[in-house]
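Data first, discussion second: the structure below is written as structure tokens.
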Amino acid sequence: MPRLRRARRLARKRQWGTERDSTPLSIFHDQPSTRKMVYSRLAIILTIGFWGTYVITTIIRQYFKGPNTFPFVMQSLGYLLIVTLLTFSALMYLLARQGALHRFSKHVRVPRAEIDRYFEENQPTVTVLIPSYNEEPGVVRKTLLSAALQEYPHLRIVLLVDDPPYPADSATLARLNATRQLTTEITELFAEPRQVCESKLVEFFRDQASSSHVSLAVAQELAELYAWAANWLEQFGSKEQKDDHVGEFFVKDVVGSLSEELRRVHEALMASCSEEVELPVARVSQLYQRLTWIFNAELDVFERKKFASLSHEPNKAMNLNSYIGLMGRTFKQINTPDGPVLMPASGFRSGETVSFPDSEFVLTLDADSILRSGYCLRLVYFMQQPDHARVAVVQTPYSSFRGAATRIERIAGATTDIQHILHQGMTYYNATFWVGANAIIRKSALEDIGETEWVGGFEIRRFIQDRTVIEDTESSVDLAKHNWTLFNYPERLSYSATPPDFGSLIVQRRRWANGGLIILPKLWSLVRDRKRQGNAMSKAEIWLRLNYLASIAWASFGLIFLLAYPIDGRLLSPFVLLAALPYFIAMASDLKYSGYKRSDVFRIYGFNLILLPVNLAGVLKSMQQALSARKIPFARTPKVKERTVSPMLYVISPFIVIGVSLFTLWQGTVQHNWGNAAFAAFNATTAAWALVEFIGIKNTFVDIWLSVLNWLYVPVKKKQSDQEIEPAARVGWQAILYHGDAEGRLPESAVDHLALTERTSYPEEKEVMTS
């Protein structure tokens, strides 16, 4: 036990090789120079040129030289296929990157005064849905606050708590209750500034109803109100915890930046007064309303698992679907032995009803994500423009929090920031995919792709597909089939947590690798439908979407083949390396652009090598799901203070990768196959480096030992009385009258409802251990 406590203390220390500066990347992307644009195009041309040269000078040339045996022909075709697929993925990276540079060079930010003028007359409603399962209250609180501080006229925030609602464990119950209280605490926190700003707005409207310009005294009073609001935010931020880089980001770049912005408005108003300029009433009115928008969010909490009439499918998609299906409708709550059920109020003449307000837009936000101020205003303004009437989803692909305390979080964050650039480029070719951490969605678009089924006599509505664990990706194709488009707003306005250790990263990346192959048939159907409609998809869009869905699969199998199979030396050529070189040079440039080191490109290569078994496991799981037609439970990424223990398979597999590479190195040296030997040496070096730097030798052996202990340990099954049981379901006679079972036995569905913990928990979460 003392050794375990010592391991926990060590886990909190900052590792060497990490970044201490937590300053995030700028909201705005730097405009690329002409030289960078030219180099980007040249990289695409060189990649295609070197690949073609390799095919002609090596593959085709070998066939003409002859004679060739059947094994050599098959090996050459297999090697050509793998090289072609990997080169294709590199080419798609360069193509998306080129699109991003085009978009960054043309983006012009809409002036704030124009946005304020628009929202003074047009105020579409937005409901923020934050799905949460087994999250730390402190993590959820930052997300709620970042949403509540959005400057938006009508904002309703609903925390969708998906934890089992009646836990028997006292610590779990205390954490759940703390999470439930967050909305009330934040509402009370904002009560004072909301009341002050709203009362000042009412006074202004009363006194300036018939004026065209305001007096200097009124302008000074408004300036003082902005200073007061800025001071209130500064005091609020000073009380917030900054125990990690996420806390620092929230205080400095969410609360602090908003406070600074209000203070700049205060200074501008005071400057106008010193110059004795009378401001128009309309502009002063907008500035007053802006302050009220900051503090007027309405917060609520909802738990679908309390209701027997809602889906209890263990995934994030159905958590969102359950609430979206209730929006804009009124229900009568009826208590049953299975728990409360919601029935349409139209079937009842009297009694209290429960209403769920509707809205024009839905903002989905993960419970570990944080928004910058202005996210809602700017993205909804974009959606409201006439040219964007068919845009269903607008988002800013999330960036990573800087100042990570572990090396693996830093390098995983680098891949996140690279993906941000690629997603921005995919929008240039109309190949946008919804990235589920944050997005503003048009409610009417969700209604278009909605499906309805009846389960146990209750209506279950499904808007976001839960067939795979990458529900946002499949829903992107569904929206495209209904002629909706998706858009990535070219700014950095959202941030999401990156797994800080190898164990939690395994859960995330295995989930990301699962599902793409299952969605491919929908993509082909979309291509055919568009062609029949006379609105054929461009080749660039098809290629980018295909690469996004399937590249993990072919890259995983291809790398395994290259690592383990001794390729005939006649098939090797410098042109293969030259075809890959523009990709690595471009990635190194993008890393530098995103505030990392160019040399991190080698760390990312080794990082991907040790994640190869994880990606392969996700791909194989996807194939299993396709064959069995069974849904796979959503595996939440663990977020714990201590280090998450990795399953034995994934900590042993990097040693296997290194061992296979060393064996190939030895074999290539003996056979004088120097190309194979050099490639194997590079793989062994980068994989070993990644193993030591990102996992750690000590952590590896600790995880193996704990995995062995977990395998030997046989848990004692809890008695049913110790499990979570909803109080309303305990009475036997009520269940008999409700279900109509003459022998007094509950039907299977009701028995499942009694064991609510087992039924509604995310199965893969039970495997998570900490050390």
Side-chain angles (χ1 to χ4, degrees), residues 25-26 28-58 80 83-108 397 399 414-433 485-492 536-551 554-555 573-602 604-605:
L25 297 172
S26 171
F28 314 106
H29 293 276
D30 296 335
Q31 288 200 349
S33 63
T34 303
R35 183 174 63 177
K36 189 169 185 176
M37 298 285 289
V38 171
Y39 285 166
S40 180
R41 292 192 184 95
L42 184 61
I44 295 174
I45 296 171
L46 289 176
T47 299
I48 298 173
F50 286 132
W51 174 83
T53 304
Y54 168 74
V55 173
I56 295 171
T57 61
T58 304
L80 176 62
V83 168
T84 301
L85 289 174
L86 294 178
T87 304
F88 176 78
S89 292
L91 186 63
M92 292 303 100
Y93 179 100
L94 297 173
L95 187 66
R97 179 178 184 268
Q98 177 73 6
L101 295 179
H102 275 293
R103 298 191 67 220
F104 298 160
S105 66
K106 296 179 179 179
H107 176 62
V108 178
S399 300
T415 63
T416 295
D417 292 331
I418 291 292
Q419 285 296 319
H420 173 93
I421 297 174
L422 300 184
H423 279 289
Q424 295 287 4
M426 291 171 73
T427 296
Y428 183 79
Y429 303 99
N430 195 32
T432 309
F433 279 96
T485 60
L486 298 90
F487 192 89
N488 287 317
Y489 196 76
E491 294 183 6
R492 299 186 184 96
M537 296 171 63
S538 67
K539 287 184 172 59
E541 180 182 355
I542 297 173
W543 293 344
L544 286 167
R545 290 189 183 277
L546 173 64
N547 183 71
Y548 188 82
L549 293 175
S551 61
W554 68 53
S573 169
F575 289 110
V576 175
L577 177 62
L578 290 174
L581 200 58
Y583 163 75
F584 286 105
I585 293 175
M587 182 181 290
S589 174
D590 293 339
L591 287 168
K592 183 67 176 177
Y593 171 80
S594 301
Y596 298 92
K597 301 176 182 177
R598 294 182 188 272
S599 60
D600 284 334
V601 69
F602 299 107
I604 290 178
Y605 184 87

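The figures that follow rest on heavy atoms only: side chains count, while hydrogens, waters and symmetry mates do not. We number each residue from 1, following the sequence as shown.
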Checklist entry - What are the two closest non-hydrogen atoms of Ala96 and Met426, and how far apart are they? => result CB-CG, 4.3 Å
Next on the checklist: Looking at every non-hydrogen atom in both residues, tell me the closest pair between Ser573 and Tyr54 and how far apart they are.
Outcome noted: CB-CD1, 3.6 Å
Checklist outcome for this item: Closest heavy-atom pair, Asn547 versus Ser89, reported as atoms and distance to 0.1 Å, is OD1-OG, 3.0 Å
Checklist entry - Between the main-chain N or O of Ser538 and the side-chain N or O of Tyr429, is there a donor-acceptor pair closer than 3.5 Å? => result no
Checklist entry - For Lys592, does the NZ atom have more than 12 heavy-atom neighbours from other residues, nucleotides or ligands under 6.0 Å away? => result no
Checklist entry - Rounded to the nearest 0.5 Å, how far apart are OG1 of Thr432 and CG of Asn488? => result 5.0 Å
Checklist outcome for this item: One should read off an interatomic distance between Leu95 CG and Trp543 CH2, to the nearest 0.5 angstrom, of 8.0 Å
Checklist entry - For the residue pair Ala555 and Leu86, what are the closest heavy atoms and their distance? => result CA-CD2, 4.0 Å
Checklist entry - Does Tyr39 have Arg97 sitting over its ring (NZ/CZ under 6.0 Å from centre, angle to axis within 45°)? => result no
Checklist entry - Under 3.5 Å, is there a donor-acceptor pair between the side chain of Ser589 and the main chain of Ile585? => result no
Checklist entry - If you round to the nearest 0.5 Å, how far is CZ of Phe602 from NZ of Lys597? => result 13.5 Å
Checklist entry - His107 vs Tyr489 aromatic rings, parallel, tilted or perpendicular, using cut-offs 30° and 60°? => result perpendicular
Item to check | Geometric class of the His29/Phe104 ring pair [parallel <30°, tilted 30-60°, perpendicular >60°] | outcome: parallel
Next on the checklist: For a side chain to side chain contact (heavy atoms under 4.5 Å, CB included) check, start with the C-alpha distance between Leu591 and Ile604, then their side-chain angles and the critical distance, and finish with the verdict.
Outcome noted: CA-CA 10 Å; Leu591 287 168; Ile604 290 178; 3.8 Å; yes
Next on the checklist: To check you understand the geometry: which heavy-atom pair defines the closest contact between Leu25 and Gly595, and what is its length?
Outcome noted: CD2-N, 4.3 Å
Checklist entry - Only one of Leu46, Thr87, Ile56 forms a side-chain contact (heavy atoms from CB on, under 4.5 Å) with Trp51, so which one is it? => result Thr87
Checklist entry - Rounded to the nearest 0.5 Å, how far apart are CD of Gln424 and CD of Gln419? => result 12.0 Å
Checklist entry - Does Tyr596 offer a backbone N or O that forms a donor-acceptor pair with the side chain of Ser594 under 3.5 Å? => result no
Next on the checklist: So, taking the atom named CZ in Arg598 and the one named CG in Asp590, what distance separates them when rounded to the nearest 0.5 Å?
Outcome noted: 9.5 Å
Item to check | Closest approach of Met587 to Ile418 (non-hydrogen atoms, all atoms of both residues) | outcome: O-CD1, 4.3 Å
Item to check | Leu546 CG to Trp554 CH2 distance, which is reported to the nearest 0.5 Å | outcome: 4.5 Å
Item to check | Tyr93 and Tyr583 aromatic ring geometry - parallel, tilted or perpendicular at 30°/60° bounds | outcome: perpendicular
Item to check | Main-chain N/O of Leu91 paired with Thr47 side-chain donor or acceptor, under 3.5 Å | outcome: no
